[in-house]
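Below: the structure, in structure tokens.
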Amino acid sequence: MRKTAFIDSLRDHFGERAVVTDAAIIEPWLTDWRGRWTGRAAAMLEPGNTQEVAAMVSACAKAGVAMVPQGGNSSMVGGATPSANGDAVIFSMRRMNAIRSIDADARVAIVEAGVILQHLHDAASQKAMRFPLTLGAKGSATIGGLVSTNAGGTQVLRFGTMRGLILGLEAVLPDGSVHDGLAGLKKDNRGPSIDQMLIGAEGTLGIVTAARLQLAPAIVQRGTAFVGLASPRAALDLLYRLEAVTDRIEGFEILPHDSLVAAMDHLDTASPLGGEQPWYALIEATQEDADAEAPSALLERLLGQDLEAGRIADATIAASDAQSEALWRIRDSLSDAEKAYYGVATQHDVSVPVDAMPAFLEEVKQVVEAQWPGVMVSGFGHLGDGNIHLHVRAMKRGNDDWREQEAPAIERRVHDLVTAHGGSISAEHGIGQMKRDELARLGEPARLAFLRSIKAAFDPDGLMNPGKLIP
Ligand SMILES: Cc1cc2nc3c(=O)[nH]c(=O)nc-3n(C[C@H](O)[C@H](O)[C@H](O)COP(=O)(O)OP(=O)(O)OC[C@H]3O[C@@H](n4cnc5c(N)ncnc54)[C@H](O)[C@@H]3O)c2cc1C
């Protein structure tokens, strides 16, 4: 059947609400969040329930039509953008946005794939619970996208990535069959887990329709500290000391002074500390038990000992929620602030083993700045997860052709160094279309063979999100 006839038949069957062909409605969903890729799609399918997803996938599979699963389209790697040849339909999951249940006693939520993260946060807090994963795109990222990218964020230190919060999944596999793992069995030894295969698969192995998720009690109070430090090594030692005596540290983000300078300019604010330090750590402790020591008192006690012993250079502790938020605003502003202050840069979401991070940061700065004189290498982010957002700022070398001419070679050099330190070229954003060639270049043979054979087994015709992730 010709493509247009196929789409007409889908529309006749599922109705205009579920099969969108209006180019003006589809258009905003054809370009990725960074604005680097624009694709084409003759239709955007918007199923309203799991049965519809299954019937639509089955029809596409029979007709040999490729499908691009899409949630909030906040992918940083072009993961949800169809290709330019217009072969695929977009499979938008945004209409499946019901929170099926929240059980505060069991600490479990069952949530459809199109639920926006912020909406889950709001619904959980109404039951004195929380879903302990958050990120900058929480107003648009959906549960299906978060599952499919195994998203991270700023609470991974204590709760892990999305993988650690998923108790079970419901999904439609590439042939249209439904996998129902929402019972969330604690023990299930019937062989390898389909759920685990789907987590981080970036829509290449099927379409997630719902998830059973772990909740945590709402926090009574939080405490936030901003600490001045000599180096990333000093920051890591501080984190280890804190973790040795408390399990209440939820966030531990680091930034160098040059990042703080950009944030102060961008936010038109002063430094939280009196003097300048080479590095800073933003630390968040929480309190879930009403009888426990207040988190700001906990931080004051622990950091006070470190200050007295000369192990940290300076520290301030937020005296109110408003002050906590002001400190977090510095962290959350960094991407925009750096772009505004330093201009164009290559940006790398990379990880290395936590203990290797200080040495990696030192080496990557020295190597890249020596090879490309005039650039500035700087990194900030989730030190406790071994995940840094590394920026190579063009600075004096910047010109209109920077992205085409120099950036690819710099990206490859950074990835080589990450690999040499035993790290990953994608810590939390995924591979998408942006890093597929680099995964093919640097992935170890066993990993590449595993990815290709899983894909061939689940999706032999290669119809699920073609051109993404699988090298
Ligand atoms: C400002 C900003 C800050 C961010 N911060 C972070 C961060 O701190 N940590 C982090 O991990 N990420 C971060 N991200 C990246 C992004 O928010 C996450 O990757 C998120 O999980 C994407 O969700 P989404 O619903 O927008 O998915 P989309 O962008 O729509 O899709 C992402 C991938 O998942 C697939 N997919 C989507 N829905 C489904 C489904 N139902 N079934 C199967 N596959 C599906 C798509 O095909 C695509 O491959 C950030 C993005 C922005 C814009």
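Both ligands and their constituent atoms are indexed starting at 1 by order of listing.
- Around atom CZ of Arg447, no more than 12 heavy atoms belonging to other residues, nucleotides or ligands sit under 6.0 Å away.
- Of all atoms in ligand 1, listed by their number and element, those nearer than 4.0 Å to a heavy atom of Leu135 are 5 (N), 6 (C), 7 (C), 8 (O), 9 (N), 10 (C), 12 (N), 13 (C).
- Numbered from 1 in the order shown, with element, the atoms of ligand 1 that lie under 4.0 Å from a heavy atom of Ala113 read 41 (N).
- No side-chain donor-acceptor contact under 3.5 Å links Lys468 to the backbone of Gln433.
- In the candidate list Glu112, Glu202, Arg94, Met96, Glu202 is nearest to atom 49 (O) of ligand 1, counting heavy atoms.
- Considering backbone and side-chain N/O of Met76, none are found under 3.5 Å from N/O of ligand 1.
- The shortest distance between side-chain heavy atoms of Leu463 and Cys60 does not fall below 4.5 Å.
- Residue contacts with ligand 1 for Thr142 involve both N, CA, C or O and side-chain atoms from C-beta outward (heavy atoms, distance under 4.0 Å).
- Near Gly203, with a cut-off below 4.0 Å to any heavy atom, the atoms of ligand 1 are 43 (C), 44 (N).
- Among all protein heavy atoms, the one lying closest to atom 33 (C) of ligand 1 is Thr149 CG2, 3.7 Å.
- In this structure, atom 11 (O) of ligand 1 lies nearest to the protein heavy atom Gly152 N, 2.8 Å.
- Two residues are said to be in side-chain contact when any heavy atoms from C-beta on lie closer than 4.5 Å; Asp32 and Ser75 fail this criterion.
- Panel note: side chain Gln221, backbone Gln287; no donor-acceptor pair is recorded below 3.5 Å.
- What sits closest to atom 44 (N) of ligand 1 on the protein, heavy atoms only, is Ser148 OG, 3.0 Å.
- Backbone and side-chain nitrogen or oxygen atoms of Ala141 are examined, and none is located within less than 3.5 angstrom of a nitrogen or oxygen of ligand 1.
- Scanning both residues, Gly72 and Trp29, for their nearest heavy atoms gives O-CZ3, 4.0 Å.
- Taking a 4.0 Å cut-off on heavy atoms, Gly206 registers as neighbouring ligand 1.
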Test salt bridge (charged side-chain N to carboxylate O under 4.0 Å, His left out) on Arg222 and Glu325 and set out the steps.
CA-CA 11 Å; Arg222 62 179 177 160; Glu325 271 152 35; 3.4 Å; yes

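- Near Ala137, meaning under 4.0 Å from one of its heavy atoms, ligand 1 places the atoms 2 (C), 3 (C), 17 (O), 51 (C), 52 (C), 53 (C).
- Not a single N or O atom of Trp33, backbone or side chain, sits closer than 3.5 Å to an N or O atom of ligand 1.
- Using a 4.0 Å heavy-atom cutoff, Lys468 is absent from the residues neighbouring ligand 1.
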Working for salt bridge (charged side-chain N to carboxylate O under 4.0 Å, His left out), residues Arg130 and Glu250:
CA-CA 13 Å; Arg130 65 187 169 129; Glu250 271 194 28; 2.7 Å; yes

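- Of the protein's non-hydrogen atoms, the one nearest atom 41 (N) of ligand 1 is Val208 O, 3.0 Å.
- Contact analysis leaves Val68 out of contact with ligand 1, as no non-hydrogen atom separation drops below 4.0 angstrom.
- Among all protein heavy atoms, the one lying closest to atom 28 (P) of ligand 1 is Asn73 N, 3.5 Å.
- Note: an N/O pair closer than 3.5 Å links Gly145 and ligand 1 by distance alone.
- Distance from atom 12 (N) of ligand 1 to its nearest protein heavy atom, with residue and atom name: His429 CD2, 3.5 Å.
- Taking every heavy atom of both residues into account, His179 and Leu198 meet most closely at CD2-CD1, 4.5 Å.
- Judged by distance alone, the side chains of Tyr240 and Asp355 do bring a donor and an acceptor atom under 3.5 Å apart.
- Considering Gly78, Gly79, Gly200 only, the shortest heavy-atom separation from atom 48 (C) of ligand 1 involves Gly79.
- Looking at atom 31 (O) of ligand 1, its nearest protein heavy atom turns out to be Ala80 CB, 3.6 Å.
- Between His391 and Phe380, the two ring planes are perpendicular [angle over 60°; tilted spans 30° to 60°].
- Judged by distance alone, the side chain of Asn465 and the main-chain N or O of Gly203 form no donor-acceptor pair under 3.5 Å.
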What verdict does the ring pair (Phe, Tyr, Trp, His ring centres under 6.0 Å) test give for His429 and His348, after you've listed the backbone C-alpha separation in whole Å, the side-chain angles of each residue and the deciding distance to 0.1 Å?
CA-CA 10 Å; His429 293 160; His348 310 269; over 10 Å; no

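- Ion pairing between Glu112 and Arg95 fails under the 4.0 Å rule for side-chain N and carboxylate O.
- Close N/O approach between Ser140 and ligand 1 is not found [any backbone or side-chain N/O within under 3.5 Å].
- Of the protein's non-hydrogen atoms, the one nearest atom 24 (P) of ligand 1 is Gly72 N, 3.4 Å.
- The neighbour count for Asp437 CG, taken as heavy atoms of other residues, nucleotides or ligands under 6.0 Å away, does not exceed 12.
- Geometrically, ligand 1 and Ser74 share a nitrogen or oxygen pair separated by less than 3.5 Å.
- Below 4.0 Å from some heavy atom of Ala151 lie the following atoms of ligand 1, by number and element: 11 (O), 21 (O).
- Those atoms of ligand 1 with a heavy atom of Gly71 less than 4.0 angstrom away are 25 (O), 28 (P), 30 (O), 37 (C), 38 (N).
- Side chains of Gln196 and Arg163 form a contact here, defined as non-hydrogen atoms less than 4.5 Å apart.
- The distance criterion of under 3.5 Å between nitrogen or oxygen atoms is met by Pro69 with respect to ligand 1.
- Heavy-atom contacts of Met93 reach the following atoms of ligand 1: 41 (N) (cutoff under 4.0 Å).
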